[in-house]
There are 2 protein chains.
Amino acid sequence: MVFAGQGDPQRSLPLLWRVPSTASRPGPKQGLTVDEIVDAAIAVADASGMAALSMRAVGDRLGRTAMALYTYVPNKSDLVDLMYDRTLAELPTSYAFDGGWRTAVTSWASDLWEFYLRHSWVLQVSQARPVLGPNEFSTLETVAGILRSTGLSATRLRPVVSALTHFVRGSAQVVAEAREAATATGMTDDTWWYARSAVLEEIAPDFAARFPTLVWLESDGNSPPEDDTPYFEHKVRTTFTAGLDVLLDGVEAAIAAEAASS
Amino acid sequence: MVFAGQGDPQRSLPLLWRVPSTASRPGPKQGLTVDEIVDAAIAVADASGMAALSMRAVGDRLGRTAMALYTYVPNKSDLVDLMYDRTLAELPTSYAFDGGWRTAVTSWASDLWEFYLRHSWVLQVSQARPVLGPNEFSTLETVAGILRSTGLSATRLRPVVSALTHFVRGSAQVVAEAREAATATGMTDDTWWYARSAVLEEIAPDFAARFPTLVWLESDGNSPPEDDTPYFEHKVRTTFTAGLDVLLDGVEAAIAAEAASS
DNA sequence: CCTGATACTTTATGGTGTAAAGAGTCAGCG
DNA sequence: CGCTGACTCTTTACACCATAAAGTATCAGG
């Protein structure tokens, strides 16, 4: 986990909100811009993951040393903040309501899912002290805006947003980690599982007796992937869509309760 | 994120399942046991977080060098696996059904929540290639067992378990990260937020116009904490309980659909 | 033209996981 | 009994990390 929002707010927040610095300063001209550095850092993280994101790696990509970056950005944590907020700009900020709130939320969730898989390092940025950048607020405003149209009160809406966010994030994280593990170990999930289950059968011959529900759960109703998606990813994807529906049924109930209580 | 399940299954799985190694071997006696090492590692992680967990730190606690541990455990990743599964043993494996499945699931979720906060480093162990230890399976069996009693089919049950797990995990993670950030920076959340919001108002004076839903969401219906829990934690806690109810309403709908379709 | 702030590099510090090599210990065999 | 070789544990070493500190070159304002 990489911590965010650690820096001096007087310095990092203006960076995030791109408040232009007016002062004309002596000394050599800066050869780079903050955005160039942030883009390079995003490129590194996209290509090789958060673990490979080092000041050296970013500097190398720009023909500078690691230390050169410190004249643009206070420290690595603030750089991650900037990467995070810049990347979030990719997400749509409005959704059509033609099909009602439910389809709007579903496509929001699907967009977020794909976003997380496109930039899986984002999942490693801590949420506790959020990056208070403009795009962070924008994305929150977007979901909250859709759901507000259902007539839910603020008290009922907050947990809904929270549940939705955690669910999308958690589901995407599983896939992201699986992919990272696959490239890191050079082993697909299927071969990984195969090697494990063989040893497992040997070591825990009473498995079926000890964990009957798990065996039942696994044995039943698994549809194979239609395209060439790895089996594991396909399973998570299916579970994600179905789980989202369960959650939205819950939201439906909340809306009904709201209507009844007002 | 710390990756799990990376090791050679022939070596790490027997360790996890505590298959006794019978061979009597030459050379000096081992002065430690795997369990002692795992316990020391858990103590380090509990006290100082996953970031502070190093082979040197664990060795120091046992009066050994870092390298000495490698005769017990193949590598750090496998040590984390062992820590993970050993810690999971703390969780209850059965729940009373007196109040029906819903109260059982609620207290399961609450136990899991508290477990995550007690050992927040657990949240940084990757789920993609699960630690295939006995306790990992046990905890899964427990929830799945409760929910199976509702008559849900495997296809409908899988996404429910997934949604519940992700939600508890995600909610707990926010609190855990907040606490870690607080001790790391020596700054409570409240002072952190205060410092930020002051700068934010200055930098983004049009905030209310740009993010009306967020402002509405924040301004409405926040109950203050009764005890001395930090305000931020209290808010997450409240949202967690309410969100769980929304989710369980969704499960209720799934049960009804199951009954209708069979 | 000088002064001093700035951009960038070089070097250094204290940390990480773990490979490799060395020192001491002891079970089993001749 | 004494050797052999496997074993435990330590020491050293390597390649990395973020970043502090110091040095060098550059340029705006006085």
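Chain identifiers are assigned alphabetically (A, B, ...) following the order of the sequence lines, protein sequences preceding nucleic acid strands; residue numbering begins at 1 within each chain.
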Between the OH atom in B:Tyr72 and the CD1 atom in B:Ile37, the distance rounded to the nearest 0.5 Å is 5.5 Å

| Relative to the ring of B:Trp113, is the ring of B:Phe240 parallel (under 30°), tilted (30 to 60°) or perpendicular (over 60°)? | parallel

Notebook entry, point to check: Is it true that the side chains of A:His166 and B:Gln173 contain a donor and an acceptor less than 3.5 Å apart?
Noted result: no

Rounded to whole Å, the CG-P distance (B:Asp60 to D:dC9) equals 15 Å

**Study point:** side-chain N/O A:Thr65 vs C:dC8 OP1/OP2, d < 4.0 Å
**Key:** no

CG (A:Asp78) and CG (A:Leu16) are apart, to the nearest 0.5 Å, by 7.5 Å

The contact string for nucleotides 17-25 of chain D, one letter per nucleotide 5' to 3', using protein heavy atoms under 4.0 Å with B, S and - for base, sugar-phosphate only and none, comes out as BBBBB----

Determine whether a donor-acceptor pair (N or O, by modelled atom type, separation under 3.5 Å) exists between the side chain of A:Arg64 and the backbone of A:Leu69. no

A:Leu62 CG to C:dT9 C1', in whole Å, measures 16 Å

Discussion item. Is any side-chain heavy atom of A:Met50 closer than 4.5 Å to one of A:Val125?
Written reply: yes

B:Arg64 CZ to D:dT8 C1', in whole Å, measures 9 Å

note: B:Gln30, atom CD; D:dC9, atom C1'; distance rounded to Å ~ 11 Å

Between NZ of B:Lys29 and C1' of C:dG24 the distance, given in whole Å, is 15 Å

Whole-Å distance, B:Leu32 CG to D:dC9 C1', equals 10 Å

